[in-house]
2 protein chains.
Amino acid sequence: MPRTADHDARRAQIAAAVVRLVAGDGLDAATVARVAAEAGVSVGLVQHYFPAKDDMLLFAYERVMTDAGSRVAQRIAEGEARQGTINGVVLDSLMELLPVDEARRAEYRVARAFHGRALDNAALTEVARRWAEDIRRRLSVAVQNGTECGEVDPETDAELAAVRMVALVGGLAEQVYRDADRPVGARTMAAAAERILRDCLDDVFAGECRHYM
Amino acid sequence: MPRTADHDARRAQIAAAVVRLVAGDGLDAATVARVAAEAGVSVGLVQHYFPAKDDMLLFAYERVMTDAGSRVAQRIAEGEARQGTINGVVLDSLMELLPVDEARRAEYRVARAFHGRALDNAALTEVARRWAEDIRRRLSVAVQNGTECGEVDPETDAELAAVRMVALVGGLAEQVYRDADRPVGARTMAAAAERILRDCLDDVFAGECRHYM
DNA sequence: ACGATAGCCGTATGGACATATGGTTTTCGC
DNA sequence: GCGAAAACCATATGTCCATACGGCTATCGT
């Protein structure tokens with residue numbers, strides 16, 4: 001057998017370089033040559049691991065969205081561990097998606113940049129679609145659990161509520177990102193977003209039952 | 001004086017070509033050469049009216065957003081004319097922004113494509129910011145009017161409600177666009193979005209007073 | 001009617017890019 | 001230790017692009 005290398009690690013290394021470049025200077029900055037330089041490897045190596053540039057971008061996008069999903073899953077696990085209300089767990093999960101610090105703002109920039117390109121790239125669109133579907137499903141299950149334990153009004157349509165929550169958090173993220181420094185009354189935009197999100201969740205999870213997901 | 005031409009008409013003609021190309025094949029398709037061909041003019045003429053490509057894109061983006069704003073304003077004017085409730089007028093205005101038919105889907109594609117590039121272009125960001133600010137202001141005024149005439153609970157924070165409505169309609173637009181064919185329970189995504197929007201507005205405009213904006 | 005000037009065009013130019021290609025180095029089974 | 005194959009690199013290639021540039025052409029004041 002010949003020389004070996006950690007395929008996954010190399011791909012991750014290159015994807016991380018892509019993400020840094022996109023976060024810093026947009027998708028157009030992620031040229032193959034610059035990605036190679038940022039990752040500290042040669043152009044040829046990037047080609048070795050990603051035959052076409054689109055493969056590289058798709059992989060990087062998948063990685064970013066997977067990471068974001070993992071953070072949400074982690075928040076859910078934490079909520080379960082401390083036996084919080086479903087309302088609280090969902091709030092923590094969704095707050096995780098608001099670009100309130102520089103790390104999350106960077107992630108938001110990357111996600112949005114790819115999302116823009118997804119408009120004319122079916123593979124990227126599919127990643128975005130799956131991600132949205134995944135989070136909607138999680139939220140829908142949370143609402144159904146709430147229905148069963150009394151935290152949610154039994155009349156509530158779980159899927160509809162999930163669409164509503166995803167829409168709200170996505171729209172709030174956009175405003176928090178763009179207008180972070182614009183006050184909303186006496187609040188910062190981030191504080192306003194949190195308040196709006198809390199109100200929405202208090203509306204869905206109006207019951208009293210204490211339960212974990 | 002030498003030969004004259006309708007400056008504004010020419011710029012509009014070129015901008016329309018940009019919009020068609022972006023709607024069809026994304027921002028990268030809007031090269032100067034292709035825009036010229038699509039508009040039926042020479043490359044040199046495009047340069048004559050837009051010294052740099054960025055000027056051209058900025059102008060096209062401004063035009064798209066202005067058009068969208070005008071449609072909203074028109075819906076408001078129609079609502080005033082028929083003396084509808086504020087709730088109804090706001091609903092019509094916001095429904096106008098959902099990508100429910102091919103024309104609006106095309107507009108949504110264009111807006112989103114530019115929005116993505118705005119992440120690393122200050123001039124484009126400023127357009128997006130002003131547009132959001134404008135619609136938030138309109139909504140905030142509508143809520144305040146509602147407060148004065150009894151259609152809105154006096155405790156309601158108008159600016160917060162405006163942020164909430166903008167967030168909701170933006171997030172719903174994204175899901176309607178991407179998941180138009182995905183059913184939400186027994187509804188289409190578009191029907192689900194309308195229902196969610198109605199519920200939100202019925203929550204804000206809970207009072208009974210019949211009034212026009 | 002005529003020249004000045006804006007309108008308009010075609011092509012040239014130089015740079016950046018994705019990808020192709022040929023070669024060098026390392027490692028592992030034998 | 002040695003050969004084979006993967007890992008890795010440097011550079012070549014051809015395309016596409018934004019912009020520069022020089023030259024026609026139509027029109028308006030005179």
Side-chain angles (χ1 to χ4, degrees), chain A residues 1-22 24-61 113-114 116-118 120-124, chain B residues 1-22 24-61 113-114 116-118 120-124:
Chain A
M1 244 214 312
R3 191 177 178 181
T4 62
D6 188 335
H7 218 74
D8 292 341
R10 275 279 191 247
R11 286 167 72 93
Q13 174 188 359
I14 294 168
V18 171
V19 170
R20 281 196 300 275
L21 286 172
V22 174
D25 296 306
L27 251 175
D28 289 342
T31 71
V32 175
R34 264 187 276 204
V35 167
E38 175 74 23
V41 300
S42 69
V43 172
L45 195 70
V46 173
Q47 291 179 286
H48 185 69
Y49 286 100
F50 299 102
K53 188 190 178 184
D54 276 357
D55 302 335
M56 178 182 81
L57 295 180
L58 178 61
F59 183 82
Y61 186 36
F114 277 109
R117 178 144 308 188
D120 44 277
N121 182 319
L124 294 181
Chain B
M1 244 210 320
R3 193 175 176 182
T4 63
D6 189 334
H7 218 74
D8 292 341
R10 275 279 190 248
R11 285 167 73 91
Q13 174 188 359
I14 294 168
V18 171
V19 170
R20 281 196 301 276
L21 287 172
V22 174
D25 296 305
L27 251 175
D28 289 342
T31 70
V32 175
R34 265 188 274 203
V35 167
E38 175 73 24
V41 299
S42 69
V43 171
L45 195 70
V46 173
Q47 291 179 287
H48 185 69
Y49 285 100
F50 298 103
K53 188 190 179 185
D54 276 357
D55 302 336
M56 179 182 81
L57 295 180
L58 178 61
F59 184 81
Y61 186 36
F114 277 109
R117 178 142 311 186
D120 44 277
N121 181 319
L124 294 181

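Nothing here was measured: the structure is a model prediction, and the numbers come from that model. Chain letters run A, B, ... following the sequence lines, proteins first and then strands; every chain starts at 1. For the numbers below, each heavy atom of this structure counts, side chains included, while hydrogens, waters and symmetry mates do not.
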Is any side-chain heavy atom of B:Arg10 closer than 4.5 Å to one of B:Leu45?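 Yes, at least one pair of side-chain atoms sits under 4.5 Å.
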How close or far is atom P of D:dA18 from atom CG of B:Leu27, stated in whole angstroms?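 My rounded result for the distance is 12 Å.
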What is the distance, to the nearest angstrom, from the CZ atom on A:Arg10 to the C1' atom on D:dC9?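 The distance from CZ of A:Arg10 to C1' of D:dC9 comes to 12 Å, rounded to the nearest Å.
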Side chain of B:Gln47, base of D:dA18: donor and acceptor closer than 3.5 Å?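 No, no donor-acceptor pair under 3.5 Å.
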N/O (side chain, B:Arg34) to phosphate O (OP1/OP2, D:dC16) under 4.0 Å: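 Result: no.
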Please determine whether a side-chain nitrogen or oxygen atom of A:His48 lies at a distance below 4.0 Å from atom OP1 or OP2 of D:dC8.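 A:His48 to D:dC8 OP1/OP2: no side-chain N or O under 4.0 Å.
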Name the closest nucleotide to the [X] side chain, picking from [options].
{"X": "A:Ser42", "options": "C:dA18, D:dT19, D:dC8", "answer": "D:dC8"}
{"X": "B:Tyr49", "options": "D:dC8, C:dG7, C:dT19", "answer": "C:dG7"}
{"X": "B:Pro2", "options": "C:dA4, D:dT19, C:dT19", "answer": "C:dA4"}
{"X": "B:Val41", "options": "C:dC9, D:dC9, C:dA18", "answer": "C:dC9"}
{"X": "A:Thr31", "options": "C:dA18, C:dG7, C:dT11", "answer": "C:dA18"}

Is atom CG of A:Asn121 surrounded by more than 12 heavy atoms (other residues, nucleotides or ligands) closer than 6.0 Å?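 Yes, the 6.0 Å shell around CG holds more than 12 heavy atoms from other groups.
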Taking any heavy-atom pair under 4.0 Å as a contact, classify B:Phe50: base, sugar-phosphate, or nothing.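 Answer is nothing: B:Phe50 stays at 4.0 Å or more from every strand.
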DNA chain D: B:Lys53 or B:Arg3, which has the more 5' nearest nucleotide?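 Its nearest nucleotide being more 5', the pick is B:Lys53.
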